[in-house]
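Report on one structure; see the data block that follows.
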Number of protein chains: 2
Amino acid sequence: MSLPHAILTALLEKPSSGLELTRRFDRSIGYFWSATHQQIYRELGKLEAEGHIRALPTEQPARGQKKSYEVLPAGRAELARWTSAAHDPKPLRDTMLLRLRAAAVVGTAGVEADLRRHLDLHRRQLAEYEEIERRDFPPGKDGPQDRLRHLVLRAGIDLETFWTRWLAHAVEEFAELPSAEQPVSGGPEPARPQSR
Amino acid sequence: MSLPHAILTALLEKPSSGLELTRRFDRSIGYFWSATHQQIYRELGKLEAEGHIRALPTEQPARGQKKSYEVLPAGRAELARWTSAAHDPKPLRDTMLLRLRAAAVVGTAGVEADLRRHLDLHRRQLAEYEEIERRDFPPGKDGPQDRLRHLVLRAGIDLETFWTRWLAHAVEEFAELPSAEQPVSGGPEPARPQSR
DNA sequence: GCTTATTTTGCAACTAGTTGCATAAACGGG
DNA sequence: CCCGTTTATGCAACTAGTTGCAAAATAAGC
């Protein structure tokens, strides 16, 4: 239930139309909360119906025409409430880890290539974050707002650093593993075809 | 679309009933792929209908009675296929990061307490993982299967280490921040109530 | 033996996110 | 001006996950 709050935050930073929001969700905000344009339009409708935002007055509100929104006091209050409320962290859910566990049972064939691909993807993401850090947070830029935003970026950088290290380690580990075309032996029996 | 494969993996490791699976999803597998019992029962039904698993023969298959499943060859093949196929990593989606970004606009009141709470939760999780590492992977236990499983556990440990460090840093940062009851100044104008 | 609690399985309805496509205006030539 | 492309908004249907509840078997008092 965080999308509306992501949108409120974005709109407070700068009133925008649906498409502008979509663009911003592809860049900055999307780095830790992604959303498609359909999600955004739907949510804008709801937020407007609830009186949390309103469309900026425009001439002819027709289709295919930009419609910009701004946050109303009620929306700001809701965002402040949500921000200060306690939320439990979501448990980890990662496909690659699941695949490795599966590989221990059905064999490691094919996984290594994707491990390398992920390593590459995470390296790129890390480079992108570091570029942003250089650009947006030069030494000295440390007002309260900068500190908060830098903290968030820092999480992204450290996370990607973790993944690149771990994936590099995983790739090494695979190199030392035996053949890798067959199920790894040593575990429970593989299920054999069985007639009934 | 990973739940069925998580279940297939679990069933290959050991044929189980729905409830046993649920228990295992609360412990080991759930550390990187959580699922509720309803999800599991529903998925067991689908997997059986598709011919990927079958119920172990039992006397009277009625309600409120354990029904255990085992993986059929087709299920094993499907799991092998899925494991070796390429999957893009899911983009990060984290509420706490979003809240910090929101806090930069609507004020930091209330966030610090939850930051500390999360720090505590992640420390506990880390301790739990390290305990498992001590117990299940003593030095010397490094067959191919052990290595793979240890690698997965290692990801969990390193991730929790990252979070505890980052959260500790965030808490420090907050301590240095001014008052924190008001929206942090220096950004875009707060939206003021406006009559139309 | 009857009742109450626990175990085990499951349905139904809901929320969140995704995918595919539609529609209308605006823009940019020829 | 007409026509294809881009911009901007949106509906409908689908997949995945969550929540609340219920029903059947079994175990546990008394």
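Proteins get letters first, then strands, A, B, ... in listed order; numbering begins at 1 in each.
Distance, Leu47(B) CG to dG10(C) P: 13 Å, rounded to whole Å. One can place CZ of Arg42(A) at 13 Å from P of dG10(D), the figure rounded to the nearest angstrom. Atoms CE (Met1(A)) and P (dT15(C)) sit 10 Å apart, rounded to a whole Å. The nearest whole Å value for the distance from the CD1 atom in Ile40(B) to the C1' atom in dA16(D) is 14 Å. Atom-to-atom, CD of Glu20(B) to P of dT9(C) comes out at 8 Å; the value is rounded to the nearest Å. In this structure, NE2 of His37(B) is placed 13 Å from P of dT7(C), rounded to the nearest angstrom. If you measure from atom NZ of Lys46(B) to atom C1' of dC11(C), you get 14 Å, rounded to the nearest angstrom. Between the CD1 atom of Ile7(B) and the P atom of dG17(D) there is a distance of 10 Å, rounded to whole Å.
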Please step through side chain to side chain contact (heavy atoms under 4.5 Å, CB included) for the pair Glu160(B) and Tyr129(B), ending with a clear verdict.
CA-CA 9 Å; Glu160(B) 294 302 333; Tyr129(B) 286 159; 3.6 Å; yes
Working note: Asp114(A) + Arg99(A), criterion side chain to side chain contact (heavy atoms under 4.5 Å, CB included); need CA distance, chi angles, decisive distance, verdict.
CA-CA 11 Å; Asp114(A) 212 32; Arg99(A) 285 165 73 195; 2.7 Å; yes
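Each of His150(B), Glu133(B), Glu128(B) was scored for a side chain to side chain contact (heavy atoms under 4.5 Å, CB included) with Ile157(B), with one residue passing: Glu133(B). Exactly one of Glu70(A), Arg23(A), Arg24(A) qualifies for a side-chain hydrogen bond (donor to acceptor under 3.5 Å, both in side chains) with Ser16(A). That residue is Arg24(A). For the side-chain hydrogen bond (donor to acceptor under 3.5 Å, both in side chains) test with Asp120(A), the passing option among Arg124(A), Arg123(A), Arg116(A) is Arg124(A); the others fail.
You'll find that the side chain of Lys67(B) is closest to dT9(C), out of dG10(D), dA8(D), dT9(C).
Residue Ser17(B) is the one, among Gln39(A) and Ser17(B), whose nearest nucleotide of DNA chain C lies closer to the 5' end (criterion: closest heavy atom).
The backbone N or O of Ala104(B) lies less than 3.5 Å from a partner atom in the side chain of Gln145(A), making a donor-acceptor pair.
Within the structure, every side-chain polar atom (N or O) of Tyr41(A) is placed at least 4.0 Å from both OP1 and OP2 of dG10(D).
At a non-hydrogen distance threshold of 4.0 Å, Arg93(B) from residues 83-102 of chain B come into contact with DNA chain C.
Between Trp163(A) and His118(A), the distance from one ring center to the other does not fall under 6.0 angstrom.
Donor-acceptor pairing under 3.5 Å, judged by distance alone, is present between the side chain of Gln38(A) and the base of dG20(C).
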